[in-house]
*Asks:* 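Just dropping this structure here.
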Amino acid sequence: MYKDFRSDTVTQATPAMRRAMMEAEVGDDILGEDPTVKKLENMAASLFQKEAALLTVSGTMANQIAIMTATRPGEEILLGEESHMYNLEVGGIAALSGVQARALKSSCGKFEAADVRKLIRKPGIQAPVSRMLCLENTYDLNRGYPLSPAYQAEMAAIARQYDMFVYLDGARIFNAALALQVKVSDLAQNIDALQFCLTKGLAAPFGSLLLGSREFIARARWIRQRIGGGMRQAGHMAAAGLVALETMTERLQQDHDNARRLAAGLCAIDERLTDMDLVLTNIVQIDFASVGKTAQFVTDALLTRGIKIKLIGETTCRMIAHAGVGPEDVDEAVQAIREIIR
Ligand SMILES: *Cc1c(COP(=O)(O)O)cnc(C)c1O
């Protein structure tokens, strides 16, 4: 068994989830007759204080449905240069919605208000329409910056001045809420629509929830069907998600503690390996440049010791704490890195 720190996506369904999936009460959800799906969608909507929710197979599907729902071909959306939607969704923005993307620079997870204003198009016979501002929280898959409700409100206020739709990719929003000590509904305020993942830290095997107004979700449901995302007895899937929401959100604190433990262990080897101040949720970025090693050398050496980490650049790697790795695994990884780079 590998100690796998590559991502929190490697988490597996808990015994309670497996039982719930097996015993779920189900129906044909395309006909609106699956009680377990309805229960999950209602629970998510009330947790985030949004009018309605829609279960999708994945976070990518939820994001793409949101763009298809809120834009028309030829329009433009603004999103972060490090965002998942811009970098890791196979060009779906262009291929599925026919809109173009404009990337915003970010520094420590944030956009400058002046940059956002500058990139929003002013109306004109030759100008594309800036339709949507996309935030992500936590932001940056190799950092996991939590963004405060106040920052989100500031960004949303700018977008509103130009009548733009405000979308939030909240794949890891429970990590953000925990780090900031706020409710997830606080992070859904001033946001027109958002999605969050049941996978990752919450450890369900599949599923995301897209949330928004009743009208938005009704159209999103129709779009989901168009791309083959309508599901029949999806209650088996929703059942695991219900268990995830009921039992897995508070335990994310352990992941944040383990990420800090990992970062502290690395800094004890060499302070330049990681920046403790930037380890705010469950993600640790490591730069081996200061010890003269490449990321490939370290990942290969760790693999022979049964430890997997993610290579992100010439000298940089990422490690994520999650339900499948405990403090003793963190200590083992730190010790292994200590020996490898000596
Ligand atoms: C993981 C992730 C997604 C996509 O979720 P999938 O279920 O893997 O498609 C989208 N956005 C962010 C920020 C993510 O971390």
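Whatever order the structure lists ligands and atoms in, that order sets their numbers, starting from 1. Basis for what follows: all heavy atoms, side chains included, without hydrogens, waters or symmetry-related copies. Predicted, not measured: the structure shown is a model, and the values here were computed from it.
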*Asks:* Nearest heavy atom to atom 4 (C) of ligand 1 wins, so pick from Glu89, Arg172, Met61, His84.
*Replies:* His84
*Asks:* With heavy-atom distances below 4.5 Å as the criterion, would you say the side chains of Ile217 and Glu51 are in contact?
*Replies:* no
*Asks:* So is Asn63 close enough to ligand 1, meaning a heavy atom under 4.0 angstrom away?
*Replies:* yes
*Asks:* List the atom of Leu210, the atom of Ala66, and the distance in Å for their closest heavy-atom pair.
*Replies:* CD1-CB, 4.0 Å
*Asks:* What part of Lys200 sits under 4.0 Å from ligand 1 if we count only heavy atoms: the side chain, the backbone, both or neither?
*Replies:* side chain
*Asks:* Have a look at ligand 1 and work out which part of Ser83, if any, has a heavy atom under 4.0 Å from it: side chain, backbone, both or neither.
*Replies:* neither
*Asks:* Which atoms from ligand 1 have a heavy atom of Ala171 less than 4.0 Å away?
*Replies:* 2 (C), 11 (N), 12 (C), 13 (C), 14 (C), 15 (O)
*Asks:* Let's go through Ser208 and Gln195 carefully: what are the C-alpha distance in whole Å and the side-chain angles of both, what is the deciding distance for side chain to side chain donor-acceptor pair (under 3.5 Å) to 0.1 Å, and is it a yes or a no?
*Replies:* CA-CA 7 Å; Ser208 275; Gln195 78 90 13; 3.0 Å; yes
*Asks:* To which protein heavy atom is atom 11 (N) of ligand 1 closest, and what is the distance rounded to 0.1 Å?
*Replies:* Asp169 OD2, 2.6 Å
*Asks:* Do the side chains of Met319 and Ile337 get nearer than 4.5 Å, heavy atoms only?
*Replies:* yes
*Asks:* Just to confirm my output: which protein heavy-atom neighbour is closest to atom 6 (P) of ligand 1, and how far is it?
*Replies:* Gly59 N, 3.4 Å
*Asks:* For the OG1 atom of Thr138 and the CG atom of Leu178, what is their distance to the nearest 0.5 Å?
*Replies:* 11.5 Å
*Asks:* Answer with yes or no after comparing the ring centroid distance for Phe174 and Phe48 against a 6.0 Å cut-off, counting only values under it.
*Replies:* yes
*Asks:* How far is atom 9 (O) of ligand 1 from its nearest protein heavy atom, and which residue and atom is that?
*Replies:* Thr60 OG1, 2.6 Å
*Asks:* Please could you name the atoms of ligand 1 that Glu136 approaches to less than 4.0 Å, counting only its heavy atoms?
*Replies:* 13 (C)
*Asks:* Any heavy atom of Cys197 sitting closer than 4.0 Å to ligand 1?
*Replies:* yes
*Asks:* For residues Ala204 and Met17, report the shortest heavy-atom separation together with the two atoms involved.
*Replies:* CA-SD, 3.7 Å
